[in-house]
2 protein chains.
Amino acid sequence: MRIGELARQSGVSVRALRYYEEQGLLESTRTAGGQREFENSAVDRVRFFQTLYAAGLSSRRIAELLPCIDTGGTTKEQQAMLQSEREALAHRIAELHEASARLDVLITASNARSLEAV
Amino acid sequence: MRIGELARQSGVSVRALRYYEEQGLLESTRTAGGQREFENSAVDRVRFFQTLYAAGLSSRRIAELLPCIDTGGTTKEQQAMLQSEREALAHRIAELHEASARLDVLITASNARSLEAV
DNA sequence: CTAGGACCTGACGCTAACGTCAGGTGCAAA
DNA sequence: TTTGCACCTGACGTTAGCGTCAGGTCCTAG
């Protein structure tokens, strides 16, 4: 499929797709006229990137993890990278929980005052 | 305390502290010579900011939430803001879990292959 | 064959959260 | 009083992840 179709199906902009390719995250063949041609599997791949981006990974980091993603992470180094990334994610999740808890304190404190007023 | 001391105690750079003040997140008095003077409570405040930053909030967003933080969020709008922010956090946490799960699949798949080799 | 929408390659623009000078002042110790 | 480190105010630099022209080509329907 061409880039516009991939953009529609994966829900990102054409510009973003070209950027991903530039960063080495996506591959494509070219038509005789020089237009990009993507595999159908690129749709899932791009969606996966979105998930990783949402989780706070950078393009560079995703590119580093790509061999693990494509080959399944066979070497020890790749295993270690996946592990450390998962730990980093766990750390980030904990931070979010912390922030959420802090907000909860504010919310419930305010509710308490509202109740006092009654 | 002065800005360098605050930086040390809160673990952020002097530049960052000036930036926070510029964004309306921090207040300070000035000495006769024009140097910033901070309350001791600023240390916790800055650490709280770090927590919120880590959770993905922007300076602007934190500034919007400040009235809730300082007064405890009394008005309905403030309550609504805190609630919606907490929901946004929950959403982000879910995204992180999703990403973590995707990584797990890769890791365990690889382990499975390692076992096959045995 | 032609219109015109999709695509191409630069290349500059943008925002956030600071980093990093530069050039000058405050302040506390000796 | 003289160091000399801490602090001050600009103001430009940096990075990521695209957005957005500009100017030109491809492709396909009619």
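Just so it is clear: chains get the letters A, B, ... in the order the sequence lines come, proteins before strands, and each one is counted from 1.
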Any residue meeting salt bridge (Lys or Arg N to Asp or Glu O under 4.0 Å) with B:Glu37, in chain and number order, not counting sequence neighbours: none
Length of the CG-C1' vector between B:Leu25 and C:dC18, whole Å: 13 Å
Residues in salt bridge (Lys or Arg N to Asp or Glu O under 4.0 Å) contact with B:Glu87, at least two apart in sequence or another chain: none
Identify all pairs in which a protein N or O lies below 3.5 Å from an N or O of nucleotides 7-17 of chain D, and state each distance.
unit_1, atom_1, unit_2, atom_2, d
D:dC7, OP1, B:Gly4, N, 2.8
D:dC8, OP1, B:Arg36, N, 2.9
D:dC8, OP1, B:Arg36, NE, 3.0
D:dC8, OP2, B:Arg18, NH1, 2.4
D:dT9, OP1, B:Arg30, NH1, 3.1
D:dT9, OP1, B:Arg30, NH2, 3.1
D:dT9, OP2, B:Arg36, NH2, 2.3
D:dG17, OP1, A:Ser59, N, 3.3
D:dG17, OP2, A:Tyr19, OH, 3.4
D:dG17, OP2, A:Ser59, N, 3.3
D:dG17, OP2, A:Ser59, OG, 2.9

Short side-chain N/O contact to D:dC26 OP1/OP2 from A:Thr31, under 4.0 Å: no
Any residue meeting side-chain hydrogen bond (donor to acceptor under 3.5 Å, both in side chains) with B:Arg102, in chain and number order, not counting sequence neighbours: none
Partner set under salt bridge (Lys or Arg N to Asp or Glu O under 4.0 Å) for B:Arg61, not counting sequence neighbours: B:Glu64, B:Glu85
With sequence neighbours excluded, residues passing side-chain hydrogen bond (donor to acceptor under 3.5 Å, both in side chains) with A:Ser28: A:Glu21
